[in-house]
Trainee: 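What follows is a single structure, and I will ask about it in a moment.
All ligand and atom numbering here is 1-based and tracks the order in the structure.
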Amino acid sequence: MKLNKLVAVIGMTFALSAQANSLPVIDAVLTSPPLVPPPIERDHAAKVVVKMETVEKVMEIADGVEYMFWTFGGSVPGQFLRIREGDEVEFHLSNHPSSKMPHNIDLHAVNGPGGGAAASFTAPGHTSVFNFKALHPGLYVYHCATAPVGMHIANGMYGLVLVEPKEGLPPVDREYYAMQGDFYTKGAYGEQGFQSFDMDKAIKEDADYVLFNGAVGALTGEQSLKANVGETVRLYMGNGGPNLASSFHVIGEIFDKVSVDGASLENQNVQTTLIPAGGAVAAEFKLDVPGNYIMVDHSIFRAFNKGALGMINVEGSEDATIYSGKVADNVYLPEGSAVQSIYEERPKLVANSKADRMLYGKRVYEANCQACHQADGAGIPGAFPPLANSDFLNDDPTRAIDVVVHGLKGPIKVNGKAFDSIMPAMSLSDEDTANALTYVLNSWDNNGTVISTEEVAKRREEGKTIIMEGSAH
Ligand SMILES: [Cu+2]
C-alpha cells in the first residue's frame, strides 16, 4: 500500500516534469460577469495556469428571494477564462472547505474523456490539477458534471472559456460576458424568502426563472451594460441551461456578426440567434443611435414574466436619419364616416359604479398593462416600475392619467428605486383609461382614488407627454 502510494507520487512528479517544456508560464486572468479579460497580445503559445474555486453561497435570485447557488468563483455564471489556440493549460480546481458537495469541471474546449470531469473531481477542501491543450479555437461552455449533473448546472455551475484563434480576434470597443440559465424553485416566481431547488419542476423543464447572469435585474438599471453611439460591442453570450434553449435577441439592434454556435462560421445581419443549452455565441453589433436596448430571450414570456431581460444603455447623439422617434401623432379617420358610425353603434361597456370600473378596469389592465407592470403590480426590477403601493402614482393620480394617455420618459424614482425608460402612450378610450387607473389605484395598497371618464377627456385635451429632466431619449 505504502509502496503503491510512493510509486504514484513518483509517477506524478515525472509526469509533471516530462510535461515541462520551453513554453513561458503565465497566470490566467479570470473575470466575473459581465467583464471579459483583455484580448491576448501574444503571438505564441504559453503554459497558462488557471486557479478556479468552487463556492456554494446564498445570493438573491430576485428582490427579496434567496437561493443557494453553487458557483465557479462566486458568481453566476462563473469566471471567464481567455486563452489562445495552442496554449497548454494547467487547471487547478479547488473546492472551498465550506462546500457540502464535491464538484468538478467539464470544459467543452477540452479534447479528452469527460472534458476534464473525472480528472477534476474534487471533494470539499481539496484541489485537483489536470492539464489540457487548447486545440480548437472558439467560445466554449464549461460546467460542473458531478452527479446529479442537472442539479449542479441548475444551481449555477457554468461559465465560458474563449480560445482565441492564433491570428487573434478583430478589435472592438467593448466586450461583455453574460449567460442565460433556467432556475427551478419550490415557490413560484417572486415568492419571497429562501427558495430551495425543485427537482420535479427541473425534470418537467417547468422553469420559474429564466435569467441572464443568475438574477432578475442582474443586467438592468444601474447594472445595465454601457456603450456609446458609434462603438462596436462584442457580447460573449452563453447558455448554461440546464434545459432551455435561448432565442437571443436585442430589441432595436441587428447583430452585424455572429459566430454561429461560437464556432468559426460567421453569420451576418442576424436578428435573433439560437443559443442551445451548453452552447454560446459571440455577437458583434455597432450602436448607431442612443437609448436603452433590451436583451431578451425572444421566447418572450420568459423575458417579461421569468426575468430573461437585460439592458444596454447607449449614450451619444441622435441621428434622425437612422431613427427619428415619433414625428407625428395624427387623428386617423378612415375614408367615409360609415366605418365610424358602425363603431359608434357598437354597444359599449360604460361603468356606472366604482364596482363596474374595478371589473372593467381589471380586464383593461390584464390586456394592456400587465405584460410590463405584472399581474400583481410589482413591475420588474430595473425595467418596469411597480404600480403596487407606488409613491409616484399615489402622489399625483392626475399625472398618472397623463402617463397613460400621453406617455412618460426619462429618469423617475418609484419607492426609492430608479427607472429610466419609456412608457409609450396607450391607445385606450377615455372610458378604458379611467377604468384601468381606477382598478390600479384601488388595488395593492394604493390610495383608492376613483378616476372619471371626464377627467381623462380633460387630460387628453390639456396634458402632454411627460418628459422627466435628464431624459437621454
Ligand atoms: Cu458541482
Trainee: For residues 197-206, run the donor-acceptor check on the side chains, cut-off 3.5 Å, and write out each pair with its distance to 0.1 Å, sequence neighbours left out.
Mentor:
{"from": "D198", "atom 1": "OD1", "to": "D200", "atom 2": "N", "distance (Å)": "3.0"}
{"from": "D198", "atom 1": "OD1", "to": "K201", "atom 2": "N", "distance (Å)": "3.0"}
{"from": "K201", "atom 1": "NZ", "to": "T185", "atom 2": "O", "distance (Å)": "2.7"}
{"from": "K201", "atom 1": "NZ", "to": "K186", "atom 2": "O", "distance (Å)": "3.4"}
{"from": "K201", "atom 1": "NZ", "to": "D208", "atom 2": "OD1", "distance (Å)": "3.1"}
{"from": "K201", "atom 1": "NZ", "to": "D208", "atom 2": "OD2", "distance (Å)": "3.2"}

Trainee: Tell me whether the count of non-hydrogen atoms from other residues, nucleotides or ligands lying under 6.0 Å of CD1 in I254 goes above 12.
Mentor: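 Not buried by this count: 12 neighbours or fewer within 6.0 Å.
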
Trainee: To make sure I understand the geometry: which N, O or S atom in H103 is closest to the Cu ion (ligand 1)?
Mentor: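 In H103, the heteroatom (N, O or S) nearest the Cu ion (ligand 1) is ND1.
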
Trainee: Between K100 and E56 (salt bridge meaning N to carboxylate O under 4.0 Å), is one present in this structure?
Mentor: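 No salt bridge links K100 with E56.
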
Trainee: Under the rule for ring pair (Phe, Tyr, Trp, His ring centres under 6.0 Å), what residues qualify as partners of H103, not counting sequence neighbours?
Mentor: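 Here the qualifying residues are W70, H152.
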
Trainee: Do any of the N/O/S atoms of M157, backbone or side chain, fall under 2.8 Å from the Cu ion (ligand 1)?
Mentor: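 Yes.
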
Trainee: Among the N, O or S atoms that H152 has, which is closest to the Cu ion (ligand 1)?
Mentor: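 H152's closest N, O or S atom to the Cu ion (ligand 1) is named ND1.
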
